[in-house]
Amino acid sequence: MRLDELARRDFPILERIVNGRPLIYLDSAASSQKPRTVIEAMTRYYERSHANVHRSIHTLGEEATELYETARDRVQRFIGAAHREEVVFTRGTSDGLSLIAETLRRTLGPGDEVLVTEMEHHSNLVPWQLAARDRGAVVRAIPIRDDATLDLDAFGRLLGERTRVVAFAHVSNVLGTVNPVREICARARAVGAVSVVDGAQAAPHLSLDMSLLECDVYSFSSHKMLGPTGIGVLYGRRALLERLEPGRGGSEMIKEVWIDRALWNDLPWRFEPGTPPIAEAVGLAAAIEYLEKLGMERVAEHERALAHQAMAELEAIPGVTVYGPRSPAARGAVVAFSVAGYHPHDVAALLDAEGIAVRAGHHCAQPLMRRLGVVGTSRASFSVFNSPDEVSRLARVVAELGSRL
Ligand code: C6P
């Protein structure tokens, strides 16, 4: 049985009729839909176990703490982290990247360099701009080649003794390019720079193993991987987190506080000030359980096949341009495209009228749009519940738009 045939009935929202048509949801890269088990786990938590964590001695407090910390163990196994202390819960990818940029800020000095890439999402650019601006450091970008991959020779030339941080996406949310994480992190390490990976578009689709990637920091969101909004994960190598001063303060991240100073808590709580997203952690654990039951290798294979099909069918339509690497093996589960004569927003609106949800615009990657010479693109993205028929329907409707001109 194909993966979508197995998974589809688990997603209640897919029963919706939109604009008179059964919903075809091709916008999981922006936010995926949720299986029933995730929704039910969160409801069950609120109906039976809710209390604050780490502070209440009563039964519900202990149950909530147990559920929250068990979710951490589940994430640890899912991403192959060596230690549970390396799993910090955040509010999402952007929040995790901001947290690490705020934390590393004080390690930057005048003339130091933060390397990013031309394909970054604003969430992996702006926090570094803020950190660099405050410390007189500079942000420089590794360019991309015309085949939509990173120019690693240029990376070699940019990398130097002033490089403090190398921050880059595992998978581009526009091009779909899968970057060579292990190689980039090794080269960053060789010059003593901290490697920070934006895993927003990788965690939902690829089997992750931190022990193989050997990055220092890896940030991703739950809501793109079938889990709830409001929670994400910041993996940080223990040796790095141990020597960093927290960039944010509040309750739970301290052991003892005086008026003028405080003693930090142990990892990972040192980086989790305030009441954390507890129900969301329960939902994320349920999402991981669901993905693990399907099997991440199978998930990756299914979504790669859909992306490959979408590229082939869309490219065959006169007037359609597809962006990103040609080889499906080098791509994630997004396919950005443009239709000659149409603004990307109009393409999305016309598809919506047919019940097909895609995203359009600059995808929070304006420097990349400038590099591609476009104002924006339309983008289809895929998840476990999407079928080859849905991809063909997308291509048919796009072909009709093309022939209308
Ligand atoms: N990209 C998209 O439609 P948050 O919003 O914090 O969960 O994720 C931010 C983010 C960071 N990096 C990458 C590579 C991303 O793709 C995203 C989210 C969505 O492409 C919304 S702009």
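Being a predicted model, the structure only gives us computed values, none of them experimental. Read the numbers this way: they start at 1 and go in the same order the structure lists the ligands and their atoms.
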(request) May I ask you to check whether H223 has an N/O atom sitting below 3.5 Å from an N/O atom of ligand 1? (result) yes
(message) Taking salt bridge (charged side-chain N to carboxylate O under 4.0 Å, His left out) as the criterion, tell me which of R84, R238, K255 meets it with D266.
(response) K255
(message) Closer than 4.0 Å to some heavy atom of Q201 - which atoms of ligand 1 meet that?
(response) 1 (N), 14 (C), 15 (C), 16 (O), 20 (O)
(message) So that I can tick it off, tell me whether E113 and R162 are bridged by a salt bridge, with the cut-off set at under 4.0 angstrom between side-chain N and carboxylate O.
(response) no
(message) Taking CD in E245 as the centre, count heavy atoms belonging to other residues, nucleotides or ligands within less than 6.0 Å. Is the count above 12?
(response) yes
(request) Decide, yes or no, whether a salt bridge links E354 with R393 under the criterion of side-chain N to carboxylate O below 4.0 Å. (result) yes
(message) Looking at E5 and R2, is any side-chain nitrogen of the basic one under 4.0 Å from a carboxylate oxygen of the acidic one?
(response) yes
(request) Please work out whether any backbone atom (N, CA, C, O) or any side-chain heavy atom from C-beta onward of A200 is under 4.0 Å from ligand 1, and answer side chain, backbone, both or neither. (result) side chain
(message) Side chain or backbone, does R359 bring an N or O within less than 3.5 Å of an N or O on ligand 1?
(response) yes
(message) Tell me whether ligand 1 is touched by H122 - counting only heavy atoms on the residue side and a distance under 4.0 Å.
(response) no
(request) Measure from the ring center of F382 to the ring center of H205 and say whether it is less than 6.0 Å. (result) no
(request) Start with the C-alpha distance between Y323 and S338, add both sets of side-chain angles, then the distance that settles side-chain hydrogen bond (donor to acceptor under 3.5 Å, both in side chains), and finish with yes or no. (result) CA-CA 8 Å; Y323 301 92; S338 57; 2.9 Å; yes
(request) Could you list the atoms of ligand 1 found under 4.0 angstrom from a heavy atom of A30? (result) 2 (C), 3 (O), 19 (C)
(request) List the steps, then state whether ring pair (Phe, Tyr, Trp, His ring centres under 6.0 Å) holds for H362 with H122. (result) CA-CA 10 Å; H362 55 63; H122 299 165; 5.7 Å; yes
(message) Below 3.5 Å, N or O to N or O, backbone or side chain included: is there any such pair between H363 and ligand 1?
(response) no
(request) Number the atoms of ligand 1 from 1 as they appear, then name those within less than 4.0 Å of a heavy atom of S94, with their elements. (result) 4 (P), 5 (O), 6 (O), 8 (O), 9 (C)
(message) Is the contact between A169 and ligand 1 made by the side chain, the backbone, both, or neither, using heavy atoms and a 4.0 Å cut-off?
(response) neither
(request) Report yes or no: does a heavy atom of N124 sit under 4.0 Å from some atom of ligand 1? (result) no
(message) Quick check on contacts: which atoms of ligand 1 are under 4.0 angstrom from a heavy atom of C364?
(response) 22 (S)
(message) Closer than 4.0 Å to some heavy atom of S123 - which atoms of ligand 1 meet that?
(response) 9 (C), 11 (C)
(request) Nearest heavy atom to atom 19 (C) of ligand 1 wins, so pick from M119, R379, K224, H121. (result) K224
(request) Using a 4.0 Å heavy-atom threshold (strictly under), name the region of T93 that reaches ligand 1: side chain, backbone, both or neither. (result) both
(request) Specify the protein heavy atom at minimum distance from atom 14 (C) of ligand 1: its residue, its atom name, and the distance to 0.1 Å. (result) D198 OD2, 3.4 Å
(request) State, with a plain yes or no, whether a side-chain heavy atom of V375 is found less than 4.5 Å away from one of M369. (result) no
(request) Spell out, as yes or no, whether a donor-acceptor pair under 3.5 Å connects the side chain of T117 to the backbone of M119. (result) yes
